[in-house]
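All figures in this text were calculated on a predicted structure; none of them were measured in a lab.
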Amino acid sequence: MNTADGSVVYDVAFALVWAEDGEPVDTTNEAYAFANCADCAAVAVGVQVVLIVGRRT
């Protein structure tokens, strides 16, 4: 969230997730950025890595 005129705000989130035998794997990832100011910007980046651990049958 950015409320300062003439500025840029960045926010980055990273998640590392393990899924083991039989667990469901969801590929959903969201990032939100809001700006309420003059001549400004807000940037949000979300990165998620899902490691699926187990044997293939």
Using the rule that two of Ile, Leu, Val, Met, Phe, Trp, Tyr join whenever any of their side-chain heavy atoms come within less than 4.5 Å, decide whether Leu16 and Val47 are in one cluster.
-> yes

| message | For the OH atom on Tyr32, are there more than 12 heavy atoms of other groups (residues, nucleotides or ligands in this structure) within a distance under 6.0 Å? | response | no

Looking only at heavy atoms, the pair that brings Ala42 and Ala33 closest together is O-CB, 3.5 Å

Rounded to the nearest 0.5 angstrom, the SG-CG distance for Cys40 and Asp5 is 6.5 Å

In short, Cys37 meets Ala4 closest at the heavy-atom pair SG-O, 3.7 Å

CG (Asn36) and CE (Met1) are apart, to the nearest 0.5 Å, by 5.5 Å

Rounded to the nearest 0.5 angstrom, the CG-OH distance for Asn2 and Tyr10 is 10.5 Å

Inset, instruction - For residues Val45 and Phe14, determine if any side-chain heavy atom of one lies less than 4.5 Å from a side-chain heavy atom of the other. - result: no

* **Transitive ILVMFWY side-chain link Val50 to Trp18, under 4.5 Å** => no

For the pair Ile52 and Val25, evaluate side-chain contact (heavy atoms from CB on, under 4.5 Å) and give the outcome as yes or no after the intermediate values.
CA-CA 8 Å; Ile52 302 171; Val25 176; 3.9 Å; yes

